[in-house]
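This report refers to the structure that appears directly beneath it.
All ligand and atom numbering here is 1-based and tracks the order in the structure. Below, each value reflects all heavy atoms present in this structure, side chains not excepted, and no hydrogens, waters or symmetry copies. Fair warning: this is a prediction, and the values are worked out from it, not measured in the lab.
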Amino acid sequence: MTRKIENPLATPQTIAFAGDWHENGRWAAKAISHAVNLGADVIVHLGDFGYSFSRRFLADVSAAALFQGLPILFVDGNHENFDRLCRFPIGPFGLREVADNVWHLPRGFRWEWDGVRFLALGGAHSVDRPFRVPRVSWWKEEAITDGQANEAIAGGPADVLVAHDCPAGVPIPGIDNRATPPPFPPLEIMRSEEHRQVLRRVVDGVRPSWVWHGHYHVAYDMVADLGYGEVRATGLNCDESHLGQNIAVVTLAGLRTGMPL
Ligand SMILES: [Fe+2]
């Protein structure tokens, strides 16, 4: 039995957030059934989802989502093939349906579940950019533009930010306190910090109380102070790590009130 979801934005009771899957269909299928076992009725994926959006990957993810009868909503990461992704038209819900039960949340997309306001804003800077080939393994669309940031801010407050990058000011364990310099060119590290500043500008504008992100392949959960009140920041690990680090499940009620750390 499979179940095709007609309304990807129907209000769920329990949400699974998922870290980078990197076009790994085998892992995605495991992660989807893990999320369902934990009670999820929707998966919100935090980017670096489909890379090239190959037929094989989309078929694997879609088959698992159809089998479990739940929608998968994803923001874009920095390693998506934006030429392929943007070829999927934006449909009636304002989302790109890339396969049955699988939808892309475009940058700046907003929605509400039972009064909880969500803002989707994917994208990040690739620190290995010099080793990548434009429009083959790197796309300039990976970065949030100033225009996209301005539009996101103009949309007003949101409760939950669904992002790929992490805003500046949130100290990611093992990344922002590392003892040795990261193994990437300093200029690229600087650009990635600038990208985090762009996202921080958005956060300062929309003042979410919860930020979810991927990208750093680190699972953590903390309360940060970004100057306007407490912000719960949660990062997730990637495919081939541990299911418990790649998937985090919260109820919609818990998302509203903030669950205990
Ligand atoms: Fe990634």
So that I can tick it off, tell me whether Arg107 and Asp76 are bridged by a salt bridge, with the cut-off set at under 4.0 angstrom between side-chain N and carboxylate O. yes
Please say which of Arg117, Arg207, Arg232 ends up in a salt bridge (charged side-chain N to carboxylate O under 4.0 Å, His left out) with Asp159. Arg117
Tally, protein N/O/S atoms nearer to the Fe ion (ligand 1) than 2.8 Å: 4
Salt bridge between Arg256 and Asp114, side-chain N to carboxylate O under 4.0 Å? yes
Check this for me, if you would: do Glu240 and Lys30 make a salt bridge, where the nitrogen-to-carboxylate-oxygen distance has to be below 4.0 angstrom? no
Can you tell whether the side chains of Arg191 and Glu188 come within less than 4.0 Å, N to carboxylate O? yes
Ser54 meets the side chain to side chain donor-acceptor pair (under 3.5 Å) criterion, sequence neighbours left out, with Glu23
